[in-house]
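Inspection log for the structure reproduced underneath, given as structure tokens.
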Number of protein chains: 2
Amino acid sequence: MTITAESLSIAQMAEATGLSTHTLRYYEREGLMFAPVDRASSSHRRYTEADVTWVSFLTKLRSTGMPIRDVRRYVELARDGDGTMPERLALLVQHRERVLAQLEEVTASLAAIDYKITLYEGHTS
Amino acid sequence: MTITAESLSIAQMAEATGLSTHTLRYYEREGLMFAPVDRASSSHRRYTEADVTWVSFLTKLRSTGMPIRDVRRYVELARDGDGTMPERLALLVQHRERVLAQLEEVTASLAAIDYKITLYEGHTS
DNA sequence: GTTTGACTTCGAGCGCGCTCGAAGTTTTAC
DNA sequence: GTAAAACTTCGAGCGCGCTCGAAGTCAAAC
């Protein structure tokens with residue numbers, strides 16, 4: 001396995017992105033890769049720097065709770081070219097709003113939990 | 001169905017907590033209720049104000065992502081009396097730390113998404 | 001040229017948290 | 001008294017997001 005500046009094996013990609021090789025193949029199957037992943041003559045996957053960049057962003061979408069199906073929709077739009085930029089923007093903006101709402105809910109719930117913690121601390125001190 | 005200040009039917013409880021009747025029964029089955037739910041002579045559930053208070057808190061635990069099994073652990077401890085207060089405190093504190101870490105991760109990812117949004121806005125204006 | 005290990009595809013399985021529906025009982029309204 | 005609505009238990013099903021394992025191929029090391 002030759003390491004070049006240009007391409008990564010799936011194991012190296014897993015290392016680079018923090019995802020498992022299983023998850024990388026799964027995401028590809030689910031249509032979440034922007035472009036088809038290159039293959040070596042052996043049919044082994046070869047990831048580019050652009051793939052790393054995209055998967056890193058996709059991971060941020062996922063870590064904020066965007067469903068797989070919405071990520072798929074986003075990449076499908078991206079593949080369709082510049083004309084879909086407004087729609088992609090709308091998708092991201094809508095997602096941001098949902099995330100902010102959820103952050104607020106979690107923060108509010110956490111405040112109640114914190115209050116309970118102070119009660120416990122009062123009783124055990 | 002008589003409405004008293006003292007007890008609620010499952011439908012009223014659903015209304016009061018924002019959960020479905022299915023979910024209320026599910027939580028009970030999973031051992032998440034602090035005390036056994038009262039029954040009318042007809043074997044219909046009768047919820048008390050204390051039940052509302054507890055389910056409201058349980059909902060906050062859930063909305064911050066505490067797994068069912070941890071909520072169960074928490075109520076089991078609570079049922080075992082005051083001696084378990086340090087352990088319950090530890091459980092909540094540990095949960096708070098996980099939630100804060102996740103809030104940070106989500107916030108960081110959201111910043112990257114926001115950045116992408118500004119790029120799109122630059123291109124479409 | 002043989003061994004070792006990283007890769008391939010494919011489909012099945014799993015853990016979580018509900019969610020639903022069937023079949024039967026009870027309550028309420030008329 | 002009767003019809004409709006609300007309840008009961010129970011077990012099955014579902015959507016999501018992986019996760020795993022089997023069976024086979026390929027390549028680098030020796």
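The sequence lines fix the lettering, A, B, ..., with proteins before strands; numbering per chain opens at 1.
Proximity note for B/Arg62 (side chain, C-beta onward) versus C/dT8, D/dG17, C/dG17: the nearest is C/dG17. Taking only side-chain atoms of A/Arg39, from C-beta outward, the nucleotide of C/dT27, D/dA27, C/dT9 with the closest atom is C/dT9. Closest to the B/Pro67 side chain, of the nucleotides D/dT8, D/dC7, C/dG17, is C/dG17.
Ring geometry for A/Tyr74 versus A/Phe57: interplanar angle of 30 to 60°, hence tilted.
One atom, CG of B/Leu8, and another, C1' of D/dA6, lie 15 Å apart when rounded to the nearest Å. Protein atom CD of B/Glu15 is 15 Å distant from nucleotide atom C1' of D/dA6, rounded to whole Å. For the pair B/Ile10 CD1 and C/dT26 C1', the interatomic distance rounds to 15 Å; values are reported in whole Å. As rounded to whole Å, 13 Å separates atom P of D/dT9 from atom CG of B/Leu24. The distance from atom CD of B/Gln12 to atom P of D/dA6 is 11 Å, rounded to the nearest whole Å. The CZ atom of A/Arg72 sits 10 Å away from the P atom of D/dC16 (whole-angstrom rounding). Here the P atom of nucleotide D/dC10 and the CD atom of B/Glu28 are 11 Å apart, to the nearest Å. Between the C1' atom of C/dC16 and the CE atom of B/Met66 lies a distance of 16 Å, rounded to the nearest Å.
OP1 or OP2 of D/dA27 sits under 4.0 Å from a side-chain N or O of A/Ser41. A close approach under 4.0 Å does occur between a side-chain nitrogen or oxygen of B/Arg45 and OP1 or OP2 of D/dT9. Look at A/Tyr27 and you'll find a side-chain N or O under 4.0 angstrom from OP1 or OP2 of D/dC18.
Where B/Ala40 and B/Ile68 meet DNA chain C, the nucleotide closest to each residue was compared, and B/Ile68 sits on the side nearer the 5' end.
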Under 4.0 Å protein heavy-atom contact, by nucleotide of nucleotides 19-25 of chain C - B base, S sugar-phosphate only = BBB----

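Within a 6.0 Å sphere centred on CD of A/Glu15, other residues, nucleotides and ligands contribute 12 heavy atoms or fewer. The local environment of CD in A/Gln102 is sparse, with at most 12 non-hydrogen atoms from other residues, nucleotides or ligands closer than 6.0 Å.
Using a 4.0 Å cut-off between charged side-chain N and carboxylate O, B/Arg45 and B/Glu28 make a salt bridge.
Closest heavy-atom contact between B/Arg88 and B/Gly81: NH2-O, 2.8 Å.
Side-chain polar atoms of A/Ser109 and B/Thr64 form no donor-acceptor pair below 3.5 angstrom. No donor-acceptor contact under 3.5 angstrom links the side chains of B/Thr59 and B/Ser56, judged on distance only.
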